[in-house]
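Just so we're clear, the structure is a prediction, and the values are computed from it rather than from any experiment. Side-chain atoms are counted along with the backbone in the values below, which use heavy atoms only and exclude waters and symmetry mates. Chain letters run A, B, ... following the sequence lines, proteins first and then strands; every chain starts at 1.
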Number of protein chains: 2
Amino acid sequence: MSQHRPPGAPERPVAVPALPDLPEATVARLPEYLRALHNLAENGHETVSSEWLATAAGVNSAKLRKDLSHLGSYGTRGVGYDVALLIDQIEYVLGLTQRRTVALVGVGNLGHALAGYDGFATRGFRIAALFDSDPVRVGEEINGLVVRHVDELSRVATEESIAIGVIATPAAAAQRVADRLVAGGVTSILNFAPCVLTVPDGVDVRKVDLAVELQILSFHEHRKASLTALPAAGEAPLTPLPGSLAATDPQEAIGT
Amino acid sequence: MSQHRPPGAPERPVAVPALPDLPEATVARLPEYLRALHNLAENGHETVSSEWLATAAGVNSAKLRKDLSHLGSYGTRGVGYDVALLIDQIEYVLGLTQRRTVALVGVGNLGHALAGYDGFATRGFRIAALFDSDPVRVGEEINGLVVRHVDELSRVATEESIAIGVIATPAAAAQRVADRLVAGGVTSILNFAPCVLTVPDGVDVRKVDLAVELQILSFHEHRKASLTALPAAGEAPLTPLPGSLAATDPQEAIGT
DNA sequence: CGCGATTTGTGCGTGTCTTCACAAGCGCTT
DNA sequence: AAGCGCTTGTGAAGACACGCACAAATCGCG
Ligand SMILES: NC(=O)c1ccc[n+]([C@@H]2O[C@H](COP(=O)([O-])OP(=O)(O)OC[C@H]3O[C@@H](n4cnc5c(N)ncnc54)[C@H](O)[C@@H]3O)[C@@H](O)[C@H]2O)c1
Ligand SMILES: NC(=O)c1ccc[n+]([C@@H]2O[C@H](COP(=O)([O-])OP(=O)(O)OC[C@H]3O[C@@H](n4cnc5c(N)ncnc54)[C@H](O)[C@@H]3O)[C@@H](O)[C@H]2O)c1
């Protein structure tokens, strides 16, 4: 690519950031590759073929190769990829060479589980602070961290240079929490509350909603059932009237 | 799935409305629309424009209209959509007119949180059984359900016509659990364990991986930092050598 | 009864993502 | 040193998704 800047092009608006700008779809898969690679490394493998790694990560091998090619190609034809090298590469690109600090807001049911989750630490993150609004919870110690009051959120986030905020409060409180995170300089948020957050440009929000996942599965379940029910039937009005809705599907998912 | 089929088993493919086959991207957004609609309904709104609903769901209005048009167009030009009607429509398409039963496997840290989560019930699902392999946990009662031993999984799944299996065990146990779910006739799985599951055709798996989400955020964080750090300079060849990796990125995450 | 304000439904251009298929590169063997 | 099998990296084509922009439909009002 543009490794070497050829002479004769002095001050071009060179768009060569330290990071290649990867397609979003690729970014979303890199963590999966990384996990698979760590498994391989633990099992003593030193190299791996795209075929193997693709299988381990659950994707198509051509896709995997294209993804990796975006970060600069470290494979050897006829051999495969060097596992350790690739791990370094991906961790670098994902910005994991530096351990990122996480603030967790809302130490309830879910928050407790998250606070006690070791997958944070083992995959590049460190929970640096816990917050809640409930006076009963404030002061509680979890995993060596004391729960602080959410009023301190902005200040602490700034002081501790929090990189990522995780919201595990009820939906009604989520926007307010997000605002405080943003005020504290946090530019990445992971939201577990089922609501849409509004944030300024430059702030990234990702959302995890359990019910959404289940409902997507439900759709496919429904679909499979309606297909097996009428193997080759034509159409039938795909406009069930409101009144007859609940009545409609007979026996779905007859198992095997 | 249909609860117990009564002896007579009236199983005829009556006028089952064929499901439109929606684009996956659309299916993934419908739950979001549904949530927003329920909010509107609670607030007494009877109709809603695509613009409004789109904003509430965090998407582009044209996209929303196109999505809804796939399920047969229930809007009125010049007016908008009937909230109640649209809720029925979407719930029907998602297969939520029938409450789906869920089995939760692995009642540890995360499992406990999930078992106690009321978002299941309020959004169309019912946890019908809990499983674990730890003798200490088996027998424990959570939310009115007794934790059963995972050896009973296949049998119970069949008996209770479980529609969806949720895996919250350590990764090492996940594949085994998935196999048992499949053996019990479950064709939809939601996997919280960080690993790839292998299942037969016809079985859907969705995965939720917290660390993946964080790592994606980390990438963008890294990216933002490298951009603001070098506004217009060509920089570090994007091929950091193995040895120099950890050294590379200067000062990121400077907070504000 | 007709007109203008409003909002849906969609045709179409654009960009992104996926997948196939294969040439080029690499190491091992002969 | 040449040949051979294996694996990467990528061009090209197709599939999919997105969002603009506008015609068509509907309502309310004068
Ligand atoms: N429990 C689950 O398994 C689960 C699963 C998926 C999503 N969620 C979502 O995650 C969120 C939390 O769920 P939960 O079950 O832990 O609820 P919870 O009620 O057990 O916990 C919420 C916590 O947030 C705290 N809180 C409330 N307002 C706050 C504020 N303004 N600032 C800081 N803290 C505040 C409460 O004191 C409480 O400790 C909810 O939005 C829920 O929908 C939960
Ligand atoms: N805790 C979190 O916040 C969190 C977040 C994201 C993902 N996860 C993932 O979810 C999974 C569970 O996490 P956790 O923190 O609850 O772990 P945990 O160790 O607290 O709980 C795991 C539970 O699974 C049970 N189990 C083990 N083998 C089993 C088997 N073969 N059959 C049935 N049950 C079995 C254990 O007895 C235990 O009760 C892990 O894969 C973890 O990576 C956890």
Side-chain angles (χ1 to χ4, degrees), chain A residues 1-3 15 20-33 36-37 40 45-86 89-90 93 216 219-220 238-239, chain B residues 20-33 36-37 40 45-87 89-90 93 216 219-220 223 238-239:
Chain A
M1 295 294 172
S2 52
Q3 311 229 125
D21 58 343
L22 309 173
E24 263 306 302
T26 295
V27 174
R29 283 186 294 265
L30 288 180
E32 212 58 51
Y33 303 156
L37 284 165
L40 285 168
H45 293 71
E46 304 206 336
T47 65
V48 63
S49 72
S50 64
E51 203 68 51
W52 218 108
L53 183 54
T55 303
V59 303
N60 176 303
S61 73
K63 184 151 60 177
L64 178 131
R65 286 198 298 278
K66 190 153 286 185
D67 283 342
L68 295 186
S69 78
H70 284 124
L71 22 129
S73 281
Y74 275 86
T76 305
R77 296 172 190 228
V79 178
Y81 297 88
D82 181 292
V83 172
L85 185 52
L86 200 46
Q89 249 309 287
I90 295 179
V93 170
I216 294 172
F219 168 81
H220 291 295
L238 47 79
T239 61
Chain B
D21 58 344
L22 310 172
E24 263 307 301
T26 295
V27 174
R29 283 186 294 263
L30 288 181
E32 212 59 51
Y33 302 156
L37 285 165
L40 286 169
H45 293 72
E46 303 207 336
T47 65
V48 63
S49 73
S50 65
E51 202 67 51
W52 218 108
L53 184 53
T55 303
V59 303
N60 175 301
S61 72
K63 184 153 57 179
L64 177 131
R65 287 197 298 278
K66 189 157 289 183
D67 283 343
L68 295 188
S69 78
H70 284 125
L71 21 131
S73 282
Y74 275 89
T76 305
R77 297 176 187 219
V79 176
Y81 298 87
D82 180 293
V83 172
L85 185 54
L86 199 46
I87 288 177
Q89 249 312 284
I90 296 179
V93 169
I216 294 171
F219 168 82
H220 291 295
R223 189 135 196 297
L238 47 82
T239 60

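- Atom-to-atom, CD of Glu24(B) to P of dC18(D) comes out at 12 Å; the value is rounded to the nearest Å.
- Contact annotation for Ala62(B): base contact, defined as any heavy-atom pair under 4.0 Å involving a base atom.
- With the nearest nucleotide of DNA chain C identified for both Asp67(A) and Gly78(A), Asp67(A) has the one nearer the 5' end.
- Residue Lys63(A) places at least one side-chain N or O closer than 4.0 Å to OP1 or OP2 of dT19(C).
- Residue Asn60(A) has no polar side-chain atom (N or O) positioned under 4.0 Å from OP1 or OP2 of dC17(C).
- In this structure, the CZ atom of Arg65(A) is 16 Å from the P atom of dG25(C), given to the nearest Å.
- Here dT16(C) presents its P atom at 14 Å from CG of Leu22(A), a figure rounded to the nearest Å.
- Expressed to the nearest 0.5 Å, how far CG of Leu53(A) lies from OG1 of Thr47(A) amounts to 11.0 Å.
- OP1 and OP2 of dT7(D) both lie 4.0 Å or more from every side-chain N or O belonging to Ser49(A).
- To the nearest angstrom, P of dT8(D) lies 9 Å from CG of Leu68(A).
- Residue Tyr81(A) has a polar side-chain atom (N or O) positioned under 4.0 Å from OP1 or OP2 of dG9(D).
- For Arg77(B) against dT26(D), a side-chain-to-base donor-acceptor contact under 3.5 Å is absent.
- At whole-Å resolution of the value, CD in Glu51(B) and P in dG9(C) are 14 Å apart.
- Side-chain atoms of Lys66(B) and base atoms of dG19(D) include a donor and an acceptor less than 3.5 Å apart.
- Counting only heavy atoms from C-beta on, Ser69(A) has its side chain closest to dT10(D) among dT19(C), dG9(C), dT10(D).
- Atom C1' of nucleotide dT16(C) and atom NE2 of His70(A) are separated by 11 Å, given to the nearest angstrom.
- Two residues are said to be in side-chain contact when any heavy atoms from C-beta on lie closer than 4.5 Å; Leu30(A) and Phe219(B) fail this criterion.
- Rounded to an integer number of Å, the gap from CZ of Arg29(A) to P of dT18(C) is 4 Å.
- Put simply, CG on Leu71(B) is 10 Å from P on dG9(C), counting in whole angstrom units.
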